[in-house]
Amino acid sequence: MLFSVPTLYLKMLQSGVAARLVAAGVQHFVSAGESLPPTLRRAWLDATGVAPVSGYGASETVVLVFYCGDDSMRLKPSPRLEFYTRDGAEDGVPQRLWLQHPSVALGYWRRPEAERDSFSDGRFSPGDLFRQCDDGYVEFCGRDDDMLKISGQWVSILQVEQALLDASAGSVENLAAVGFDNAEGLVSIALFAVAARGQETQARERLDAGIAALPKLKRPRLVQWVNELPLSATGKLQRRKLKDLYLESAA
């Protein structure tokens, strides 16, 4: 069975593997691929005395080019990384970044269209979106389809997921949000959640409370409990497949 990165950390924590790793001499932990909820990071720190570092990277960068060593979820550039936006990019709006680092790949093998989109002048631009902060940090906003325009405002479904995972405090094993057109023809959020075994009632109560605490435009209009989420071979969420499954069930 495949697990997403947060789920794997949760299972290692609940089973006592985390404490055994520290006892065996492991001094550093890194989480990448999926964002690690702050509550899970703090629980890991309480249990082991070592807080995981969250990182962002891509196959094309070889290394993790951004990292976060606290609960802020804001990413700091790794040493020797320079990043840029395209000329004319609007401040405060999630956008793609161009990354320059000695480890960045030169291009793609026999994929000219993809190379033109992602490589230019020794720089690489992943398909993910980021929001720049005034102090040099960035916030990860996901890909284009991870941003929804609801009531005229941009909403990151990744931030919704993080807030609800944080509110669930370990009673929810995993969750994911997707956008859909509701009965009124407006964009809304659908949420799919997997309860931790034996904590189904607590998971529903905590998730309901977490949704109620969100700003109105960020609250999911549909919540569906499922046994598992579709994951790739590397444990990453397949959001498109989840959306297709939802649309099929809605139809």
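For Val63 against His101, the heavy-atom pair with the smallest separation is CG2-CE1, 3.9 Å. Shown here for Tyr9 and Val30, the closest heavy-atom pair between the two residues is OH-O, 3.0 Å. When every heavy atom of Leu148 is checked against every heavy atom of Gly179, the shortest pair comes out as CD1-CA, 3.6 Å. Smallest separation of non-hydrogen atoms from Asp166 and Arg42: OD1-NH2, 3.6 Å. Here the closest non-hydrogen pair linking Ser54 and Leu75 is O-CD2, 4.5 Å. Residues Phe180 and Arg221 come closest through the heavy atom pair CZ-CB, 4.3 Å.
With hydrogens and angles ignored, the 3.5 Å screen pairs a side-chain donor or acceptor of Arg41 with a backbone N or O of Pro52. In terms of modelled atom types and a separation under 3.5 Å, the side chain of Ser78 and the main chain of Leu64 share a donor-acceptor contact. Within the 3.5 Å criterion, the main-chain N or O of Ala105 finds no donor-acceptor partner in the side chain of Glu60. In this structure, the side chain of Arg219 engages the main chain of Leu214 through a donor-acceptor pair within 3.5 Å. Panel note: side chain Glu34, backbone Leu237; a donor-acceptor pair is recorded below 3.5 Å. In this structure a side-chain-to-backbone donor-acceptor pair under 3.5 Å is present from Arg206 to Ala169. With hydrogens and angles disregarded, a donor-acceptor distance shorter than 3.5 Å links the side chain of Asp70 to the backbone of Ser72. Checking side-chain atoms of Asp146 against main-chain N and O of Arg143 turns up a donor-acceptor pair under 3.5 Å. In this structure a side-chain-to-backbone donor-acceptor pair under 3.5 Å is present from Ser103 to Thr61. Between the Glu161 side chain and the Ala177 main chain, a donor and an acceptor come within less than 3.5 Å of each other.
Within 6.0 Å of CZ on Arg80 lie no more than 12 heavy atoms contributed by other residues, nucleotides or ligands. Within a 6.0 Å radius of CZ in Phe119, more than 12 heavy atoms belonging to other residues, nucleotides or ligands are found. At most 12 non-hydrogen atoms from other residues, nucleotides or ligands lie less than 6.0 angstrom from CD of Glu113. Other residues, nucleotides and ligands contribute over 12 non-hydrogen atoms within 6.0 Å of the CG atom of Asp135.
Placement of Val172 and Val226 in two distinct hydrophobic clusters is found when ILVMFWY residues are connected by side-chain heavy-atom separations under 4.5 Å, directly or transitively. In the hydrophobic cluster analysis, where Ile, Leu, Val, Met, Phe, Trp and Tyr join through side-chain heavy atoms closer than 4.5 angstrom, Val155 is grouped together with Val187. A chain of hydrophobic side-chain contacts below 4.5 Å, direct or via other Ile, Leu, Val, Met, Phe, Trp or Tyr residues, connects Val50 to Leu8. Linking Ile, Leu, Val, Met, Phe, Trp and Tyr whenever their side-chain heavy atoms come within less than 4.5 Å leaves Tyr137 and Leu81 in two separate clusters. Side-chain heavy atoms closer than 4.5 Å link hydrophobic residues (I, L, V, M, F, W, Y) into clusters, and following such links, even through other members, never connects Val138 to Met73.
Arg96 and Asp117 are joined by a salt bridge, as a carboxylate oxygen and a charged side-chain nitrogen come within less than 4.0 angstrom of each other.
Separation of atoms CG (Leu40) and CD (Gln162) is listed at 10.0 Å; rounding is to 0.5 Å. Atom-to-atom distance recorded for Cys141:SG and Met147:CE is 5.0 Å, nearest 0.5 angstrom. To the nearest 0.5 Å, atoms CE (Met12) and CH2 (Trp44) are separated by 3.5 Å. To the nearest 0.5 Å, atoms CG (Leu222) and CG (Leu191) are separated by 8.5 Å. With rounding to the nearest 0.5 Å, the separation of CD1 in Ile189 from CG in Asn182 is 11.5 Å. Summarising the geometry, atom OG belonging to Ser171 is positioned 11.5 Å from atom CZ belonging to Arg204; distances are rounded to the nearest 0.5 Å.
Looking at heavy atoms from C-beta onward, Leu97 lies in side-chain contact with Thr85 at the 4.5 angstrom threshold. The shortest side-chain heavy-atom distance between Pro6 and Pro37 falls under the 4.5 Å cut-off. No side-chain heavy atom of Arg123 sits less than 4.5 Å from a side-chain heavy atom of Val104. For the pair Cys68 and Phe140, the minimum side-chain heavy-atom distance is 4.5 Å or more. Taking the side chain as every heavy atom from C-beta outward, Leu175 and Leu165 approach each other to under 4.5 Å.
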Lys11 vs Glu173, salt bridge (charged side-chain N to carboxylate O under 4.0 Å, His left out): CA-CA, chis, key distance, verdict: CA-CA 9 Å; Lys11 288 186 174 294; Glu173 187 174 279; 3.2 Å; yes
Passes side chain to side chain contact (heavy atoms under 4.5 Å, CB included), Lys218 versus Gln159? Steps please. CA-CA 9 Å; Lys218 294 185 178 182; Gln159 292 179 356; 4.1 Å; yes
Would Val65 and Phe83 count as a side chain to side chain contact (heavy atoms under 4.5 Å, CB included) here? Give the steps. CA-CA 10 Å; Val65 289; Phe83 62 93; over 6 Å; no
Can you list the steps and then say if Leu164 with Leu207 is a side chain to side chain contact (heavy atoms under 4.5 Å, CB included)? CA-CA 6 Å; Leu164 295 178; Leu207 192 61; 3.9 Å; yes
Could you go through the side chain to side chain contact (heavy atoms under 4.5 Å, CB included) check for Phe29 and Leu21 one step at a time? CA-CA 10 Å; Phe29 299 93; Leu21 289 174; 3.9 Å; yes
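Under the side chain to side chain contact (heavy atoms under 4.5 Å, CB included) criterion, Arg20 pairs with Val17, not counting sequence neighbours.
The aromatic rings of Phe66 and Tyr56 sit tilted, their planes meeting at an angle between 30° and 60°.
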